[in-house]
Trainee: 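Quick one: this structure, given as structure tokens, is what I'll be asking you about.
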Amino acid sequence: MKRIGMLTSGGDCQALNAAMRGVVKGLHNNIEELEIYGFEDGYKGLIYGKYRLLTSADFSGILTRGGTILGSSRQPFKLMRVPDENGLDKVEAMKSTYKKLKLDCLVILGGNGTQKTANLLREEGLNVIHLPKTIDNDIYGTDVTFGFQSAINIATEAIDCIHTTAASHNRVFIVEVMGHKVGWLTLYAGVAGGADIILLPEIPYDLDKVIAAIAKRNHDGKGFTILAVAEGAISKEDSQLSKKEYKQKRAKSKYPSVSYEIADRISEKLGSEVRVAVPGHTQRGGSPCPYDRVLCTRLGSAAAKAIIDEDYGYMIAMINGNTKRVPLADVAGKLKMVDPKSQMIKEAKRTGICFGD
């Protein structure tokens, strides 16, 4: 008998169900006696003992279904060692639930914060396997995370749709793409959608250069300009501030996000009409794209193999087209950033895309 726990934590994305399905199918086809316990609402379920016994029927027909059948919640890693409002020790509570159910392994699907807590549980002696989920593609140690390609498709479609209205009215349009700390999603969607200017957190922008790029397009007879701007895009001036100073500045700002501030300043300098479009949470909603369905099936199957081998404490990564077990201790807490000097950035610049630097 194998007893496996499973939870999805942090922000949802399109392919969580597909990944869980991959794990369960890989286990069911290789283990005669198997119990799967699903914890509800992420780590909350593990902390407060909210779970249910799942059957193969629960995983039937969910390959194409977005979101997560288990529910999710955000449980900040930095608060995991802090008792809850009733004084409950969260880490001890999670260990107690794990031991009460006599689990052989806990499969955890989530992003960076989720991964750090997974590594904490590993350090506490629990058997864990982590599957890398995030539309941001910022998990260190894997070439790609599931949810990323699906989000690219949606963000690209948003930029595609803006093209026609921008061209019709000769306007400057800003499409704000998700990504507070890293710009992978904005970079890929911006290139795929034909954005003229792409602003990323990793490349602080000079607004004068952004305005010069728009002015040049106007001079060349191109009446519209599209900017793909990451939520976390930052100016060169603001990049010199400490995190605390920048946070305080944003809190006092009259703008809901940096995109609206950029729009206002472009309008002031050029007299151009500027519109902001925010696809928001649509970027992680809907059905997973075919690429993510294949990726999750492979990652899930590889996770099942690690459990069958009783080889725990790993993230299942995709590296150079192959699944690989990467020690959690080596990757937890690290971010995979866009390299401003990368080949892709250089190639994009060669085609005339401005990054504001």
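As a basis for the values below, the full set of heavy atoms in this structure was taken, side chains included, without hydrogen atoms, waters or symmetry mates.
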Trainee: Salt bridge between D12 and R284, side-chain N to carboxylate O under 4.0 Å?
Mentor: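 Salt bridge flag = yes for R284 with D12.
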Trainee: Should D136 and K181 be marked as a side-chain contact (heavy atoms from CB on, under 4.5 Å) after you check the CA-CA gap, both sets of side-chain angles, and the distance that decides it?
Mentor: CA-CA 9 Å; D136 294 325; K181 295 181 179 179; over 6 Å; no
Trainee: Is any side-chain heavy atom of Y312 closer than 4.5 Å to a side-chain heavy atom of R122?
Mentor: no
Trainee: Assess whether a salt bridge exists between K90 and E124, defined as any Lys/Arg side-chain N lying under 4.0 Å from an Asp/Glu carboxylate O.
Mentor: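 Between E124 and K90 there is no salt bridge, as every charged N stays at least 4.0 Å from the carboxylate O atoms.
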Trainee: Looking at side-chain heavy atoms only, is the closest gap between S235 and L207 below 4.5 Å?
Mentor: no
Trainee: Could you pull out all residues at least two apart from K269 that satisfy side chain to side chain contact (heavy atoms under 4.5 Å, CB included)?
Mentor: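 If we apply the side chain to side chain contact (heavy atoms under 4.5 Å, CB included) test to K269, skipping adjacent residues, the hits are D208, I211.
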Trainee: Counting only N and O atoms by type, is there a donor-acceptor contact under 3.5 Å from the side chain of T142 to the main-chain atoms of M318?
Mentor: yes
Trainee: Would you sort out whether M20 and N17 count as a side-chain contact (heavy atoms from CB on, under 4.5 Å), showing the intermediate values?
Mentor: CA-CA 5 Å; M20 287 189 285; N17 289 325; 3.4 Å; yes
Trainee: How long is the straight-line distance from CD1 of I135 back to CH2 of W184, given to the nearest 0.5 Å?
Mentor: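 Here the interatomic distance stands at 15.0 Å.
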Trainee: Look only at the side chain of R293 and the backbone of P288, and say whether a donor-acceptor pair between them is shorter than 3.5 Å.
Mentor: yes
Trainee: So which atom in P340 and which in I345 form the shortest heavy-atom distance, rounded to 0.1 Å?
Mentor: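 Reported closest heavy-atom pair: O-CG2, 3.4 Å.
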Trainee: Is the backbone N or O of G321 less than 3.5 Å from a side-chain atom of R298, with the two atoms forming a donor-acceptor pair by type?
Mentor: yes
Trainee: Atom CD1 in I129, atom CG in D311: separation rounded to 0.5 Å?
Mentor: 7.0 Å
Trainee: List the steps, then state whether side-chain hydrogen bond (donor to acceptor under 3.5 Å, both in side chains) holds for Q149 with N153.
Mentor: CA-CA 6 Å; Q149 187 62 54; N153 291 3; 3.1 Å; yes
Trainee: Is there a chain of hydrophobic side chains (I, L, V, M, F, W, Y, each step under 4.5 Å between heavy atoms) that links L199 to Y255?
Mentor: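 In one cluster: yes.
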Trainee: Are L126 and Y43 in one and the same hydrophobic cluster, where Ile, Leu, Val, Met, Phe, Trp and Tyr link if side-chain heavy atoms are under 4.5 Å apart?
Mentor: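 L126 and Y43: one cluster.
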Trainee: In chain order, what residues pass the side chain to side chain contact (heavy atoms under 4.5 Å, CB included) check against A304, with sequence neighbours excluded?
Mentor: L27
Trainee: Please determine whether a side-chain nitrogen of the Lys or Arg among E35 and K102 lies less than 4.0 Å from a carboxylate oxygen of the Asp or Glu.
Mentor: no
Trainee: Checking the side chain of S239 only, and the main-chain atoms of K236 only, is there a donor and an acceptor separated by less than 3.5 Å?
Mentor: yes
Trainee: Got L121 and I108 here, is their nearest side-chain heavy-atom distance under 4.5 Å?
Mentor: yes
Trainee: So which heavy atom on T64 is nearest to which on G61, and how close?
Mentor: OG1-O, 4.5 Å
Trainee: How about E176 and S257: does a side-chain donor come under 3.5 Å of a side-chain acceptor?
Mentor: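 A donor-acceptor contact under 3.5 Å links the two side chains.
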Trainee: Hey, could you give me the CG/CZ distance between L16 and R21, rounded to the nearest 0.5 Å?
Mentor: 14.5 Å
Trainee: Atom NZ in K324, atom CE in M315: separation rounded to 0.5 Å?
Mentor: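 Reported value, rounded in 0.5 Å steps: 10.0 Å.
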Trainee: Does L70 offer a backbone N or O that forms a donor-acceptor pair with the side chain of E40 under 3.5 Å?
Mentor: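 No, E40 side chain to L70 backbone: no donor-acceptor pair under 3.5 Å.
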Trainee: Given side chains that start at C-beta, do those of E310 and K2 come closer than 4.5 Å, heavy atoms only?
Mentor: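 Side chain of E310 against side chain of K2, heavy atoms only: contact under 4.5 Å found.
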Trainee: Given 3.5 Å as the limit, does a donor-acceptor pair link the side chain of S242 with the main chain of E245, or not?
Mentor: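 It does hold such a pair.
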Trainee: I'd like to check L79 versus Q75 (side-chain heavy atoms, cut-off strictly below 4.5 Å). Are they in contact?
Mentor: no
Trainee: Does any part of the side chain of K116, heavy atoms only, come nearer than 4.5 Å to the side chain of K78, both counted from C-beta?
Mentor: no
Trainee: Indicate, with yes or no, if F148 and V326 share a hydrophobic cluster defined by side-chain heavy-atom contacts under 4.5 Å among Ile, Leu, Val, Met, Phe, Trp and Tyr.
Mentor: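 No; tracing contacts between hydrophobic side chains, which count when under 4.5 Å, never links both residues.
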Trainee: Before you tell me yes or no, could you show the steps for T134 and I139 under side-chain contact (heavy atoms from CB on, under 4.5 Å), namely the whole-Å CA-CA distance, both residues' side-chain angles and the distance that decides it to 0.1 Å?
Mentor: CA-CA 8 Å; T134 172; I139 294 181; 3.9 Å; yes
Trainee: For the backbone of C289 and the side chain of Q14, can you confirm whether one donor and one acceptor N or O come within less than 3.5 Å of each other?
Mentor: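 Judged by distance alone, no pair lies under 3.5 Å.
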Trainee: To the nearest 0.5 Å, tell me how far T145 OG1 sits from Y140 OH.
Mentor: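 Nearest 0.5 Å value for the OG1-OH distance: 15.5 Å.
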Trainee: Mind checking whether V229 and I198 sit in one hydrophobic cluster, side chains of I, L, V, M, F, W, Y counted as touching below 4.5 Å?
Mentor: no
Trainee: Between R265 and V210, does a side-chain contact (heavy atoms from CB on, under 4.5 Å) hold up when you go through it step by step?
Mentor: CA-CA 11 Å; R265 294 183 67 182; V210 172; over 6 Å; no
Trainee: At their closest point, which heavy atom of Q283 faces which heavy atom of A155, and how far apart are they?
Mentor: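 Heavy atoms only, the tightest pair is OE1-CB, 3.9 Å.
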Trainee: Indicate the atoms forming the closest heavy-atom contact of T117 with F77, along with that distance.
Mentor: OG1-CD1, 3.4 Å
Trainee: Can you confirm whether Y205 sits close enough to D238 that some side-chain heavy atom of one is under 4.5 Å from a side-chain heavy atom of the other?
Mentor: no
Trainee: Show the nearest heavy-atom pair for residues T97 and I47, with the distance to one decimal.
Mentor: OG1-O, 4.3 Å
Trainee: With heavy-atom distances below 4.5 Å as the criterion, would you say the side chains of V294 and T297 are in contact?
Mentor: no
Trainee: Are E92 and K95 within salt-bridge range, i.e. N to O under 4.0 Å?
Mentor: yes
Trainee: Kindly compute the distance separating CD1 (I234) from CD (Q240), expressed to the nearest 0.5 Å.
Mentor: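 Atom-to-atom, I234:CD1 and Q240:CD are 9.0 Å apart.
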Trainee: Could you tell me whether a side-chain N or O of H163 sits under 3.5 Å from a main-chain N or O of G193, the two making a donor and an acceptor?
Mentor: yes
Trainee: Are the side chain of K222 and the backbone of K216 linked by a donor-acceptor contact shorter than 3.5 Å?
Mentor: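 Looks like no, no N/O pair under 3.5 Å.
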Trainee: Do V24 and L7 land in one hydrophobic cluster if side-chain heavy atoms of ILVMFWY residues count as linked below 4.5 Å?
Mentor: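 No, it is not one cluster - the side chains of V24 and L7 are not joined through contacts under 4.5 Å.
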Trainee: Below 4.0 angstrom, N of the basic side chain to O of the carboxylate: do K50 and D41 qualify?
Mentor: yes
Trainee: Of all the heavy-atom pairs spanning C105 and Y98, show the shortest one and how long it is.
Mentor: N-OH, 3.7 Å
Trainee: Using modelled atom types only, decide if a donor and an acceptor are shared between the side chain of K336 and the backbone of D143 within a distance under 3.5 Å.
Mentor: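 Judged by distance alone, yes, a pair lies under 3.5 Å.
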